[in-house]
Amino acid sequence: MKKHFTFKITDAPASFALDEASVRSAEALDGLYVIRTSLKEKPEASEVVAHYKRQATVELAFRALKSVSLRGRPIHHRRKNRVICHVFLCMLAYYVEYHRRQPLAPLLLAEEAPAGQAAQRDKVVAPAKRSPQAEKKARRQRTADGGRAMSYGCLMDHLSGLGRDIVEPVFAQSKENRFTRRAELTPTQQKAFELLNIKVKNRPASG
């Protein structure tokens, strides 16, 4: 707010006054913002604003790459080609994550139908609002089938608990006595694999 005041500092007590001209100039632009584009064609203003608002997706990607799930920082490489390969692998990993989030949306605290969220706004410049379904899921912390709604990170941690062990008895005379044991799927894990179209039998494997 400093720009809207003028100050006078002397040997006497300091004084300040409201800069009326500065206030009137700010009022003329209050609530307005300008987006400048280098496009040669003349797109609709709503299209430009919609693309600008999609920067939130880019910010989410950088957040996932740096800290949340992929943890691409810090990079302990000193050679240029190794740094490039490291970043490239992180980008490939995020590509997989990006295309995995939408199928898993029914299990997550996320919008299952982005079109439903967009329908909540009558203007593209209006603040984003959750769809009624997403609002209900966030309020109850439950999915449509009554399961616990999770963040993406929590769901990945839950899926990582699915183990597969190769057991070899110490008294075995040969490796033919080995057998494989896998933990039984939880309902959430089973649902996640179904949403990802991955066929996993819900029973311990042996052989």
Nearest heavy-atom neighbours spanning Pro103 and Leu196:
CB-CD2, 4.2 Å
Quick one: pull up CG in Leu195 and CG in Leu108 and give me the separation to the nearest 0.5 Å.
9.0 Å
Phe7, CZ atom: more than 12 neighbouring heavy atoms under 6.0 Å
yes
Residue pairs fulfilling side-chain hydrogen bond (donor to acceptor under 3.5 Å, both in side chains) with at least one residue in residues 4-19, sequence neighbours excluded
His4-Ser22
Contacts of Val49 meeting side chain to side chain contact (heavy atoms under 4.5 Å, CB included) (sequence neighbours excluded), chain-then-number -> Tyr33, Ile35, Lys53, Val124, Val125
Measure the CG-NZ distance between Leu185 and Lys191 for me, rounded to the nearest 0.5 Å.
14.0 Å
Which residues pass the side chain to side chain contact (heavy atoms under 4.5 Å, CB included) test with Ile84, not counting sequence neighbours?
Lys80
Roughly how far, to the nearest 0.5 Å, is CZ of Phe193 from CG of Leu162?
5.5 Å
Could you go through Arg148 and His158, starting from their C-alpha distance and side-chain angles, then the distance that decides it, and tell me whether this counts as side chain to side chain contact (heavy atoms under 4.5 Å, CB included)?
CA-CA 12 Å; Arg148 183 169 70 92; His158 184 72; 5.8 Å; no
Check side-chain hydrogen bond (donor to acceptor under 3.5 Å, both in side chains) between Tyr94 and all other residues, then give those that pass, not counting sequence neighbours.
none
Sorted by chain and residue number, the ring pair (Phe, Tyr, Trp, His ring centres under 6.0 Å) partners of His51 (sequence neighbours excluded) come out as none
Treating Ile, Leu, Val, Met, Phe, Trp and Tyr as nodes and any side-chain heavy-atom pair under 4.5 angstrom as an edge, say whether Leu107 and Ile198 lie in one connected cluster.
yes
Suppose we screen for salt bridge (charged side-chain N to carboxylate O under 4.0 Å, His left out). Which residues come up paired with Lys137, at least two apart in sequence or across chains?
Glu112
Can you tell me how far apart CG (Asn81) and NE2 (His86) are? Round to the nearest 0.5 Å.
13.5 Å
What is the distance from atom OG1 of Thr57 to atom OH of Tyr98, rounded to the nearest 0.5 Å?
6.0 Å
Any residue meeting side chain to side chain contact (heavy atoms under 4.5 Å, CB included) with Glu47, in chain and number order, not counting sequence neighbours:
Pro43, Glu44
For Tyr95, look at atom OH and say whether over 12 heavy atoms of other residues, nucleotides or ligands are found less than 6.0 Å away.
no
Atom CD in Glu97, atom CG in Leu65: separation rounded to 0.5 Å?
8.0 Å
Identify, with sequence neighbours excluded, every residue that meets side-chain hydrogen bond (donor to acceptor under 3.5 Å, both in side chains) alongside Arg24.
none
Partners meeting side chain to side chain contact (heavy atoms under 4.5 Å, CB included) with Arg78 (sequence neighbours left out):
none
Can you name the side-chain hydrogen bond (donor to acceptor under 3.5 Å, both in side chains) partners of Asp145, sequence neighbours left out?
Thr143
Please find the pair of heavy atoms, one from Arg130 and one from Glu111, that lie closest to each other, and give the distance.
CA-OE2, 3.3 Å
One thing to verify: whether Arg63 and Glu59 come together as a salt bridge, which I'm taking to mean a side-chain N less than 4.0 angstrom from a carboxylate O.
no
side-chain hydrogen bond (donor to acceptor under 3.5 Å, both in side chains) against Arg140, all qualifying residues, sequence neighbours excluded
none
Running the 4.5 Å side-chain criterion over Ile, Leu, Val, Met, Phe, Trp and Tyr, what cluster does Val58 land in, apart from itself?
Phe62
Test side chain to side chain contact (heavy atoms under 4.5 Å, CB included) applied to Lys136 and Arg139, step by step:
CA-CA 5 Å; Lys136 181 179 179 181; Arg139 185 175 61 255; 3.8 Å; yes
Shortest non-hydrogen separation from Leu109 to Ser151 and the atoms involved:
CD1-N, 4.4 Å
